[in-house]
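These notes are about the structure you will find just below.
Within every chain, numbering begins at 1; the chains are lettered A, B, ... in the order of the sequence lines, protein sequences first and strands thereafter.
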There are 2 protein chains.
Amino acid sequence: MDKTTRENGPWTIHDIAREAGVSAKTVSRVVNQERGVAEATRRRVASIIEEVAYFPHTGARSLRTTTRDCIGVTLPAPRTRVPLSPTMLNWLFFELDRVFGSKGDFVVFDLNPYALTNHHDYARGLWEQRYSGLVIAGVLDEDDSVVRRVHNAGVPYMTSCRMDSFPECSSATIDIEEGAYLSTDYLIRRGHKRIGMLKPFKNTQPGNARRRGYARACAAQGIEFDDSLVRPITLESADVINAVFRLVSDPTVTALIDSSGAEDSASIREGVRRAGRILGKNIEVLPWTYSHKATVLNEACAHLWLPLREAMAEGFEHLEKWFRNEAEGPIEVLYRCILRDTPGEDEFREKQTVFQLIT
Amino acid sequence: MDKTTRENGPWTIHDIAREAGVSAKTVSRVVNQERGVAEATRRRVASIIEEVAYFPHTGARSLRTTTRDCIGVTLPAPRTRVPLSPTMLNWLFFELDRVFGSKGDFVVFDLNPYALTNHHDYARGLWEQRYSGLVIAGVLDEDDSVVRRVHNAGVPYMTSCRMDSFPECSSATIDIEEGAYLSTDYLIRRGHKRIGMLKPFKNTQPGNARRRGYARACAAQGIEFDDSLVRPITLESADVINAVFRLVSDPTVTALIDSSGAEDSASIREGVRRAGRILGKNIEVLPWTYSHKATVLNEACAHLWLPLREAMAEGFEHLEKWFRNEAEGPIEVLYRCILRDTPGEDEFREKQTVFQLIT
DNA sequence: CTGTTAGCGCATTCAA
DNA sequence: TTGAATGCGCTAACAG
């Protein structure tokens, strides 16, 4: 006979209590490893629990407790609007398993709350009190109100994005503005006067910070800031190609910053080609990348490394402690972007020297 | 003032009721989109719900209902014992998001239940009534008792592995025995008499089925079955190298089936090299792979494709319907393995012809 | 060391 | 169309 289910469903704490001849509270004490139970009693109860494979009903338990052994993961917008690359999502999955899962916690993904007709709130799992910690992965709109409510709820949470309008937001990310400054400054120092920029993430801090860093570098070097050179893009190939084409068709534009981090070399090449320019010859490109060593374009004059994953990994460590009540929030991790003017090979240096400005 | 939280925490159904001047039951009706509420009442209640951002407490709800909007994912054994490749785990993640997540369901990963001292049961999330469906990803032991309890619980579930001792188990997988038969038969027909086999997954159906298929092919062709040629391995490189070395050191062994699916060409090469044999020249190898087109070894005489992911994908579609009560279980998806004797190029055929048996 | 009582927030049952 | 009462399984507070 299967003793692991009763007539009316799973065993409850009362069934165990009856079987063991003790009260429900005593069973509760055993289950939760509280003190104040005689060793003999504890063993008797434990053996029954074992025998019938009793597990407490989490829902019922959650009615009396506030902490959960679940960490939630969600996206601040539909992926169609604010894309998260499969690479990043994949990294997230393994990283969260490493930090939370390995401790025996449940990792709960709610990646499509927008799929439902009546729920658009990406933090719904938190309001429904499913989990007691939340990872918000992706780019937040500046006017996102959900994250503020998450913050005010006092729950451990972490975003991968800062917000100008909400600086106290718990986040682990990179200094985009400085990255944009470094990139622009570098190109200006190489003699460029009119530099195009592919700027993704409209109406967001990461988007705005790109323009700010760009403008600040121009100002610092006494170069006129032309906003039409900063071109908003989505991460879709056609859009990128078109933006590159438009920017680079202007012969006075001699350099291009691809600040998308999409590593979409094909689209950049195609846009440059359509404009009749030659990469690394009469047009220099500086692509951004999330990978330490990646060379997005061989012809690139330099790469900007955005150590976002590294920042998030550190953030997760903090979040896990916060989640366990062994640390406090909010999380403030901000890594600097690194400009790499060589992709690792000396031959690359030569290429740079060969470069001729065409103005 | 923030209306989204009360003094004592989140709003409850009663707070909404009080605010709207109705009973809790009416609010419940609105929340769950039940009929029997006047349109005016419904709108009034709904607007308050919207205003204060009320979400029902899942735990409380779960006390009264049996279905959950969560699908659980777990592993039948610690990864150290029964490894699941990152590739497969990654695929799983995206696939489950596609099938379940896209419908707005929560996808709950419990990949390390073994990390806890007092819980070793990989289906714990089910017993705790967190989710109403479970994906068991990985290789089951023949004497696994948990899966039987899951089965008896009547819950939608799916494994990626059959069990000889439990044929009614809900699974979507591949016919390993036939795959082993096909592989062995193919090599025998090529003139091989003594064929080594690297056999992973001890004490499991997939493990046993490999030996059975191998032995059956020998019997069918009147070749003596020598059990010492079927070599149990783990997926660790050192183990694979050693097993290959031992098998191939026997000069009467002229062919090798790598039935691990690990696509670990480096280890196979190394083992062959250490034994002083030459791949494709005086030793033929037939590797198994989970990828449709992958060529594990250029020198391979053939590949066996295990369409496991394809089978699981179909299984997930069924599971999702079962989960939604639009279909019944158990799931019975069994795909055939495909032997590919050319890796797509004609040059390969030539290589095969060149092959010389050295007995 | 152990038990009793109460109530968490919700949905079901039954009544109005 | 609406509401009151009840209890799901558990734990906190208190009592013994």
Examine D:dA4: is either OP1 or OP2 under 4.0 Å from a nitrogen or oxygen in the side chain of B:S23? Give yes or no. no
Establish, from distance only, whether the side-chain atoms of A:R44 and A:T26 form a donor-acceptor pair under 3.5 Å. no
Does B:E50 CD have over 12 foreign heavy atoms under 6.0 Å away? no
Just jot down the side-chain hydrogen bond (donor to acceptor under 3.5 Å, both in side chains) partners of A:R61, sequence neighbours excluded, or say none. A:N32
Contacts of type side-chain contact (heavy atoms from CB on, under 4.5 Å), residue A:R98, not counting sequence neighbours: A:E95, A:E317
Which atom names give the shortest non-hydrogen contact between A:A172 and A:A311, and what distance separates them? CB-O, 3.5 Å
Rounded to whole angstrom units, what separation is found between the CD atom of B:E128 and the C1' atom of D:dG9? 13 Å
Ignoring hydrogens and geometry beyond distance, is a side-chain donor-acceptor pair present between A:N203 and A:D143 at under 3.5 Å? no
In whole angstrom, what separates B:Q129's CD from D:dC8's P? 13 Å
Let me know the distance between CG of A:D15 and P of D:dG9, rounded to the nearest Å. 8 Å
Rounded to whole Å, how long is the line connecting atom CD1 of B:I16 with atom P of C:dA11? 13 Å
Does a donor on one side chain and an acceptor on the other come within less than 3.5 Å for A:Y122 and A:D144? yes
Strand contacts (DNA chain D) in residues 40-49 of chain B, 4.0 angstrom heavy-atom criterion: B:T41
Taking ring pair (Phe, Tyr, Trp, His ring centres under 6.0 Å) as the test, write out the residues that go with A:F316, two or more places apart. none
Enter the distance from A:T80:OG1 to A:Y114:OH here, rounded to the nearest 0.5 Å. 9.5 Å
Using five base pairs at each end, measure the axis-to-axis angle across the helix from C:dC1-D:dG16 to C:dA16-D:dT1 and round it to 10 degrees. 30°
Nucleotide by nucleotide, 5' to 3', does protein get under 4.0 Å of the base (B), only the sugar-phosphate (S), or neither (-) in nucleotides 10-16 of chain D, counting heavy atoms? BBBB---
d(CZ, B:R68; P, C:dA11) in whole Å: 12 Å
In terms of heavy-atom contacts, does CD of B:E328 have more than 12 from other residues, nucleotides or ligands at under 6.0 Å? no
Rounded to the nearest angstrom, tell me the gap between atom CZ in A:R130 and atom P in C:dC10. 13 Å
Can you see whether B:S165 engages B:R148 through a side-chain donor-acceptor pair at a distance of less than 3.5 angstrom? yes
